[in-house]
Amino acid sequence: MGMGSDMYRQQILDHYKNPRNKGEMSDPDFSHTGENPSCGDTITMNVRLEDDGETIEYVSFTGNGCAISQASASMLSERLRGMTLEELEAMGTDDVTDMLGVDISPMRIKCAVLARQVAQDGAAIHEGDVDIEETTTEDD
């Protein structure tokens, strides 16, 4: 890894130390919580939709955990604005690792994708597609 990866590491640390959109949201259209038991990460993603009921207007998150999980939630909260629920559903692991910009070890991948999985499950619950109480990375 060269200097570019150092820049991404700094970006991850910045999002961890100065998270964007971290905090409660009053009156979200949906809110969902998940955990990564192997690392102790917990994240709640709160989503407000635009009037069309499909486009994400605003995302906030709460929780705690390692730098990767918290930075991923912060970055994702910015990335999801303006996306549709369908685009959120289509997001894969590669989209998250590309967003983070660094190689994520197999042991840390669950940390990296927790926020995305929580947001996807929250959207699926909101749309009536699934009925789960809490997301866990142990289901993967």
Side-chain angles (χ1 to χ4, degrees):
M1 287 197 215
M3 282 180 38
S5 63
D6 288 340
M7 178 186 70
Y8 284 111
R9 277 197 277 287
Q10 290 302 318
Q11 178 177 293
I12 288 170
L13 285 175
D14 180 49
H15 274 270
Y16 175 64
K17 292 178 181 176
N18 307 294
R20 281 49 151 199
N21 308 307
K22 187 166 187 176
E24 299 290 331
M25 178 190 295
S26 60
D27 222 15
D29 287 294
F30 63 88
S31 182
H32 186 62
T33 301
E35 68 173 345
N36 173 12
S38 63
C39 192
D41 307 317
T42 60
I43 293 176
T44 299
M45 299 294 285
N46 308 293
V47 177
R48 182 179 310 128
L49 300 173
E50 292 184 11
D51 290 340
D52 66 7
E54 284 293 318
T55 305
I56 297 170
E57 179 181 356
Y58 184 73
V59 178
S60 73
F61 75 99
T62 58
N64 53 59
C66 70
I68 295 288
S69 73
Q70 298 302 292
S72 180
S74 175
M75 295 167 108
L76 192 64
S77 73
E78 293 183 319
R79 172 76 53 97
L80 292 179
R81 281 191 200 174
M83 288 181 118
T84 64
L85 294 178
E86 188 174 310
E87 290 169 323
L88 166 59
E89 183 181 321
M91 284 187 83
T93 299
D94 288 345
D95 295 313
V96 174
T97 56
D98 288 349
M99 176 184 72
L100 292 170
V102 295
D103 290 330
I104 305 294
S105 71
M107 294 292 293
R108 302 303 298 254
I109 202 71
K110 290 181 179 184
C111 305
V113 300
L114 178 61
R116 184 222 54 208
Q117 189 61 49
V118 170
Q120 286 176 330
D121 286 353
I125 293 165
H126 173 73
E127 293 184 313
D129 296 336
V130 296
D131 182 22
I132 56 175
E133 195 164 314
E134 184 175 274
T135 295
T136 178
T137 57
E138 296 307 303
D139 295 343
D140 293 341

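For clarity, every value in this text was computed on a predicted model and none was experimentally measured.
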Got a second to check how far [X]'s [atom1] is from [Y]'s [atom2], nearest 0.5 Å?
X	Y	atom1	atom2	answer
Ile68	His15	CD1	NE2	12.0 Å
Arg79	Met99	CZ	CE	6.0 Å
Ile43	Arg116	CD1	CZ	12.0 Å
Glu133	Thr33	CD	OG1	10.0 Å
Thr62	Gln70	OG1	CD	9.0 Å
Thr93	Asp98	OG1	CG	10.5 Å

**OP:** Kindly indicate, with the supporting measurements, whether the criterion side chain to side chain contact (heavy atoms under 4.5 Å, CB included) is fulfilled by Thr42 and Asn64.
**Re:** CA-CA 6 Å; Thr42 60; Asn64 53 59; 3.6 Å; yes

Test item: [X] and [Y] side chains (from C-beta on) under 4.5 Å apart, heavy atoms:
X	Y	value
Thr84	Asp52	no
Thr137	Leu114	yes
Ile56	Glu87	no
Met75	Gln11	yes
Val130	Asp121	no
Val47	Asp29	no

Original post:
Salt bridge between Arg20 and Asp14, side-chain N to carboxylate O under 4.0 Å?
Top reply: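 Looking at Asp14 together with Arg20, the answer is yes, because their closest N to O distance falls below 4.0 Å.
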
Non-hydrogen atoms of [X] and [Y] that approach each other most closely:
X	Y	value
Ala73	Ala115	CA-CB, 3.6 Å
Ala90	Asp95	O-OD2, 4.0 Å
Glu138	Pro37	CG-CG, 3.5 Å

**OP:** Sequence neighbours left out, what passes ring pair (Phe, Tyr, Trp, His ring centres under 6.0 Å) with Phe30? Give chain and number order.
**Re:**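 Expected list: His126.
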
Can you tell me if [X] uses its side chain to pair, donor with acceptor, with the backbone of [Y] under 3.5 Å?
X	Y	value
Glu35	Glu134	no
Ser74	Pro19	no
Ser77	Ser60	no
Asp41	Cys66	yes
Glu89	Gln120	no

Are [X] and [Y] joined in one hydrophobic group, where the rule is that I, L, V, M, F, W and Y side chains link up if heavy atoms are under 4.5 Å apart?
X	Y	answer
Val102	Val96	yes
Phe61	Met83	yes
Ile125	Leu80	no
Leu100	Ile109	yes
Tyr58	Val118	no

Around atom [atom1] of [X], are there more than 12 heavy atoms of other residues, nucleotides or ligands at under 6.0 Å?
X	atom1	value
Asp51	CG	no
Glu78	CD	yes
Glu127	CD	yes

**OP:** Go through Val59 and Leu76 one step at a time and tell me if the side chain to side chain contact (heavy atoms under 4.5 Å, CB included) criterion holds.
**Re:** CA-CA 8 Å; Val59 178; Leu76 192 64; over 6 Å; no

